[in-house]
Amino acid sequence: MKFIDEVFITVQSGDGGRGCVSFRREKFVPRGGPDGGDGGKGGDVILQSTSHRRTLYPFRFRRHFKAKNGAPGQGKNKTGKTADNLIIEIPPGTLVSEAETNDLLKDFTQPGQSFLAAEGGRGGQGNARFKTSTNRAPRYAQPGEPGQFFKLKLELKLLADVGIIGLPNAGKSTLISVISSATPKIADYPFTTLNPILGVVQPDQQESFVVADIPGLIEGAHQGAGLGIRFLRHIERTRILVHLIDAASIDPQNPLAGYETINGELAQYNPLLMEKPQIIVLNKMDIPGSEQIAEIFQAAVKDRQVFLISAAARKGLAALKLKLLEYLGNHIPRQPE
Ligand SMILES: Nc1nc2c(ncn2[C@@H]2O[C@H](COP(=O)(O)OP(=O)(O)OP(=O)(O)O)[C@@H](O)[C@H]2O)c(=O)[nH]1
Ligand SMILES: [Mg+2]
């Protein structure tokens, strides 16, 4: 299943019901006055963020949303029924913009927020409202006000807690496949992963958290090289970054080259990304010779903590997960790997 992070929908609020033209008819009142009631208000279309929606996937099946029209007014001054509002549930983290102009209308930052996307038309006034001293029997009433129609773009930035970043082929997809529920494609060539992939990590007796495998970045990504930066926006809202490095690809003469390339791209895209906690992880530690490389790398980054793992051999993962939990503010159990 392709991860959908952008959908277009249409919303249409209900028309107001038309006002009624009617005259009282009662015994012994031969020429009753006007008693046509007002039309009911059309239904609003309201977007509402809720924590039980996590993706925009349901919008693949339904893209057009129309609220009902208000009922027409009736005789005996009866107002038409107001139509129910149509509520569209969306995941927190969704940005709503006008499809054509791209103007941002609403940023749903948390659950429980709502936005009036299209307001239902007012009901038309019935003829009872138009009675005056000079016109005691008005034969007209207002039509209902029409509803509104908009095309909207919904965009969801991944609400992942942890983003795994790194050069192509570092083993990002392998890592997410061994620590989470995700089952991405893994292969021995760069740019295997073309879209961000989400996985839920469920540690023992801990809050679960969401990890995102971000497609490989390369030098010049912020200017469009490789897959470009279109996925970097997904990591803007992650709380922690795991910077994954293929130990076997490290050049002992210039051990920080790849690491600095990635950080340079992050900084040029959005300097705030450099303020996120970043956990450095060397992968493929099962490959012979990687121990020495790791020592050289560690010396180069000085006192920054470096985690050594082998995603393929599932080594070093427990310590990494504990570190992630620590950053995410959970209680840390002490367990041997
Ligand atoms: N020896 C060894 N190979 C690994 C390890 N982890 C991943 N690989 C291999 O490295 C290659 C790339 O792995 P992926 O997980 O597809 O790498 P990626 O970072 O997702 O790559 P892109 O999606 O192209 O950016 C595959 O052939 C994996 O089998 C590891 O711990 N040890
Ligand atoms: Mg991949």
Side-chain angles (χ1 to χ4, degrees), residues 1-3 5 158 160 162-201 210-235 238 240-252 255-266 269 273 278-298 306-321 323-324 337:
M1 176 184 112
K2 186 170 169 283
F3 179 72
D5 61 352
L158 296 187
V162 179
I164 307 174
I165 55 167
L167 291 167
N169 236 19
K172 301 177 294 297
S173 300
T174 308
L175 176 59
I176 199 174
S177 76
V178 294
I179 62 170
S180 83
S181 55
T183 54
K185 184 173 169 192
I186 293 166
D188 188 15
Y189 53 84
F191 304 119
T192 309
T193 306
L194 297 175
N195 284 295
I197 289 171
L198 278 183
V200 177
V201 181
V210 179
V211 178
D213 170 10
I214 310 291
L217 297 168
I218 58 170
E219 182 160 12
H222 76 281
Q223 292 164 326
L227 295 172
I229 47 142
R230 66 199 152 109
F231 303 118
L232 273 176
R233 67 195 166 99
H234 290 302
I235 65 176
T238 61
I240 315 172
L241 299 177
V242 165
H243 189 152
L244 194 66
I245 298 165
D246 174 354
S249 75
I250 292 174
D251 172 5
L256 299 185
Y259 169 71
E260 284 170 349
T261 296
I262 296 290
N263 283 336
E265 293 305 320
L266 295 185
Y269 175 71
L273 289 178
Q278 191 181 105
I279 299 173
I280 305 173
V281 182
L282 296 193
N283 186 30
K284 311 197 188 182
M285 289 303 295
D286 55 291
I287 295 178
S290 53
E291 304 266 307
Q292 293 92 303
I293 295 278
E295 277 171 27
I296 294 170
F297 184 88
Q298 178 71 72
V306 179
F307 286 82
L308 305 179
I309 67 165
S310 166
R314 300 181 179 230
K315 287 275 166 55
L317 303 178
L320 176 59
K321 279 194 264 185
K323 187 71 185 175
L324 295 175
E337 189 168 338

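Counting starts at 1 for both ligands and their atoms, in listed order. Keep in mind that this is a model prediction, so the values were computed, not measured. Along the sequence shown, residues are numbered consecutively beginning with 1.
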Heavy-atom count around Glu219 CD within 6.0 Å, excluding the residue itself: above 12? no
Count the heavy atoms of every other residue, nucleotide or ligand shown that sit under 6.0 Å from CD of Glu260, and state whether that count exceeds 12. yes
Return the closest protein heavy atom for [atom] as residue, atom name and distance.
{"atom": "atom 29 (O) of ligand 1", "value": "Ile186 CG2, 3.9 Å"}
{"atom": "atom 6 (N) of ligand 1", "value": "Asn283 ND2, 3.2 Å"}
{"atom": "atom 10 (O) of ligand 1", "value": "Lys284 NZ, 2.9 Å"}
{"atom": "atom 1 (N) of ligand 1", "value": "Asp286 OD2, 3.0 Å"}
{"atom": "atom 15 (O) of ligand 1", "value": "Thr174 OG1, 2.6 Å"}
{"atom": "atom 12 (C) of ligand 1", "value": "Asn169 OD1, 3.1 Å"}
{"atom": "atom 30 (C) of ligand 1", "value": "Ala312 CB, 3.3 Å"}
{"atom": "atom 25 (O) of ligand 1", "value": "Lys172 NZ, 2.9 Å"}

Nitrogen or oxygen of Asp213 less than 3.5 angstrom from that of ligand 1: no
Would you check whether Gly171 has a nitrogen or oxygen atom less than 3.5 angstrom from a nitrogen or oxygen atom of ligand 1? yes
What protein N/O/S atoms are found closer than 2.8 Å to the Mg ion (ligand 2)? Ser173 OG, Thr193 OG1
Any side-chain heavy atom of [X] sitting closer than 4.5 Å to one from [Y]?
{"X": "Leu175", "Y": "Leu317", "result": "yes"}
{"X": "Leu241", "Y": "Leu266", "result": "yes"}
{"X": "Thr238", "Y": "Ile214", "result": "no"}

Partner of Leu244 by side-chain contact (heavy atoms from CB on, under 4.5 Å), out of Asp213, Ile309, Ile165: Ile309
side-chain hydrogen bond (donor to acceptor under 3.5 Å, both in side chains), paired with Lys284, selected from Asn169, Thr174, Asp246: Asp246
Determine whether His243 and Asn263 satisfy the following criterion, side-chain contact (heavy atoms from CB on, under 4.5 Å), listing intermediate values before the conclusion. CA-CA 9 Å; His243 189 152; Asn263 283 336; 3.8 Å; yes
How does Ser177 reach ligand 1, if at all, at less than 4.0 Å between non-hydrogen atoms: by side chain, backbone, both, or neither? neither
Part of Ile287 within contact of ligand 1 (heavy atoms, under 4.0 Å): side chain
Would you please test Leu324 and Val242 for side-chain contact (heavy atoms from CB on, under 4.5 Å) and show each step? CA-CA 9 Å; Leu324 295 175; Val242 165; 3.8 Å; yes
Residues in salt bridge (Lys or Arg N to Asp or Glu O under 4.0 Å) contact with Lys321, at least two apart in sequence or another chain: none
So, 4.0 Å and heavy atoms of Ala187: is ligand 1 close enough to count as a contact? yes
Can you tell me if Ala311 contacts ligand 1 (heavy atom of the residue under 4.0 Å from the ligand)? yes
Verdict with reasoning, Ile186 to Ser177, per side-chain contact (heavy atoms from CB on, under 4.5 Å): CA-CA 9 Å; Ile186 293 166; Ser177 76; 3.7 Å; yes
Quick check: does any side chain N or O of Lys172 sit under 3.5 Å from a backbone N or O of Leu167, one acting as donor and the other as acceptor? yes
Backbone N or O of Ala170 within a donor-acceptor pair of the Asn283 side chain at under 3.5 Å? yes
